[in-house]
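Worksheet for the structure shown next.
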Amino acid sequence: AGTLTDYDTALLYRAGPAGVIPAVEVYEAASDETLRTGILTYLNTQKAIAERAAGTFRDTAQHARARDAIEKIEPELN
């Protein structure tokens, strides 16, 4: 297993819902609270977007996968 020395959470926003699953994986493995907070902020943003899209013509498979992945850490989100 490798180690993660640098993780730029700003890049997650460019990935949109496609970044949710990798972000959850990094979040679960990270011990750095600053990194975890940055990832939670991104996940909260993606959760809101995915929930607004649910059941509309804008809903996508990526949004559905994002909602499923976010459910895993739901209690930790605001």
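- Between atom CD1 of residue I49 and atom CG of residue N44 there is a gap of 11.0 Å, rounded to the nearest 0.5 Å.
- With sequence neighbours left out, the salt bridge (Lys or Arg N to Asp or Glu O under 4.0 Å) criterion links E71 to no other residue.
- Side-chain contact between E28 and K72: present, with at least one pair of heavy atoms (C-beta onward) separated by less than 4.5 Å.
- Between L11 and D8 there is a side-chain heavy-atom pair separated by less than 4.5 Å.
- Atom CG of L40 sits about 11.0 Å away from atom OG1 of T9, to the nearest 0.5 Å.
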Test side-chain contact (heavy atoms from CB on, under 4.5 Å) on I39 and Y7; report intermediate values, then the result.
CA-CA 10 Å; I39 292 172; Y7 192 83; 4.1 Å; yes

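- Every pair passing ring pair (Phe, Tyr, Trp, His ring centres under 6.0 Å) that includes a residue from residues 11-64 is listed here, sequence neighbours excluded: Y13-Y42.
- Partners of E51 by side chain to side chain contact (heavy atoms under 4.5 Å, CB included), not counting sequence neighbours, listed by chain and number: K47.
- For the residue pair I73 and L43, the shortest heavy atom distance occurs at CD1-CD1, 3.2 Å.
- We find the CG-OG1 distance between L12 and T45 to be 10.5 Å, quoted to the nearest 0.5 Å.
- Under the 4.5 Å side-chain criterion, counting only non-hydrogen atoms from C-beta, D68 is not in contact with I21.
- Minimum heavy-atom separation, V24 to A69: CG2-O, 3.9 Å.
- Residues passing the side chain to side chain contact (heavy atoms under 4.5 Å, CB included) test with A18, sequence neighbours excluded: Q62.
- Residues passing the salt bridge (Lys or Arg N to Asp or Glu O under 4.0 Å) test with R36, sequence neighbours excluded: E33, E76.
- Judged as a side chain to side chain donor-acceptor pair (under 3.5 Å), and not counting sequence neighbours, the contacts of D59 are R67.
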